[in-house]
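Beneath this line is the structure, given in structure tokens, with notes to follow.
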Amino acid sequence: MTSTNQSQVQVTFWGTRGSISTPGRLTEKYGGNTPCVSVHYEDTSIIFDAGTGIRNLGLKLIEESRNREDQPYYNLFLSHTHWDHIQGLPFFEPVYTKDTNLNIYGSPRKRNFLTSVLKGQMDYEYFPVEMSEVAGNITIHEISEETINLGSGIIDWSEQIYHPGGSVSYRLKINGKTIVYATDVELDHMFNSKSKGQNREAAAKGYEEFIEGADLLIADGQYTEEEYQQKIGWGHTSIPVLLNVAYQSRVKQLAVFHHDPQHSDKLLDELWIKNRGDYCSEDSKMNIFWAREGMTLAI
Ligand SMILES: [Zn+2]
Ligand SMILES: [Zn+2]
């Protein structure tokens, strides 16, 4: 844990695992919960994704809200609605508290889809409490604005088409710092495909611009190079391609994220040791780490 003060932006990983939660002794260091990252600055709380990791975040927010007199106000940005990114939402304790306000943001591409998927997940056949019955105020936004202002932070977003069903990446600018959350995308398809096409090149350029110079990039690095060969078209990125694209885009700090369910702590440690020194030159250095559940960074 890193100590922080009020002027800092605090980023905490609550879930870093991709696809499905993986509890057990082999994953206890990097964690088994599926994606959830919180960013806190000033009085603003932003949450990226509602994987199973959001349950522990909710418990902490409840604890904190006991000492506050104002109404809690949280902003959840969903990359997409695959299970591993929404499944923790019904277990996010603050929504069962009357004073909670939760704004949920997601892609506008499918019209009403976001609302129906989130409500569908809490249908009586799947879960005992329906979304309409929770005590807190939940507002679902299909994003229409180019940017969203929250406190002195500004968030913009970009559709990522190289993932089954698509996903959205988010970029937060605050106090001169940039944090990008860009998971669930197959960068190999954009940057390393043998059959280059105009669409891919445009998507690659757009991605590079979106992450350019980020102080922290949290990004999909699910597969080793060898694994990727068996998973082409599955919508996730191989580690060497991610590292290279991030370095070329002058990212300062890279959190490799959305770990494969088959990857043990031992393997993730080995991947970090193998790759950490390769992206430093005289005029440029990128700090690389594998995102670990429970880790907090001050940006
Ligand atoms: Zn995922
Ligand atoms: Zn996905």
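What you see is a predicted model; the values in this text were computed from it and never measured. Just so it is clear, the values below take in all heavy atoms, side chains as well, and ignore hydrogens, waters and symmetry mates. Throughout, numbering of the chain's residues begins at 1 and tracks the sequence. One-based numbering, in listed order, for ligands and for the atoms of each.
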Regarding D84 and H258, is there a side-chain donor-to-acceptor distance under 3.5 Å anywhere?
-> yes
Short side-chain to backbone donor-acceptor contact, D265 and E28, under 3.5 Å = yes
For salt bridge (charged side-chain N to carboxylate O under 4.0 Å, His left out), just list the numbers for E212 and R250, CA-CA rounded to whole Å, side-chain angles, deciding distance to a tenth of an Å, and then say yes or no.
-> CA-CA 6 Å; E212 171 69 34; R250 286 170 283 279; 3.0 Å; yes
For F91 and F127, what are the C-alpha separation, side-chain angles and deciding distance, and is it a ring-ring contact (aromatic ring centres under 6.0 Å, His included)?
-> CA-CA 10 Å; F91 298 89; F127 194 71; 5.3 Å; yes
When you check the space around the Zn ion (ligand 1), which protein N, O or S atoms turn up under 2.8 Å?
-> D84 OD2, H85 NE2, D184 OD2, H258 NE2
Do the charged groups of E64 and R68 touch, with an N to O distance under 4.0 Å?
-> no
Under 3.5 Å, side chain of D49 to main-chain N/O of V37, donor-acceptor pair present?
-> no
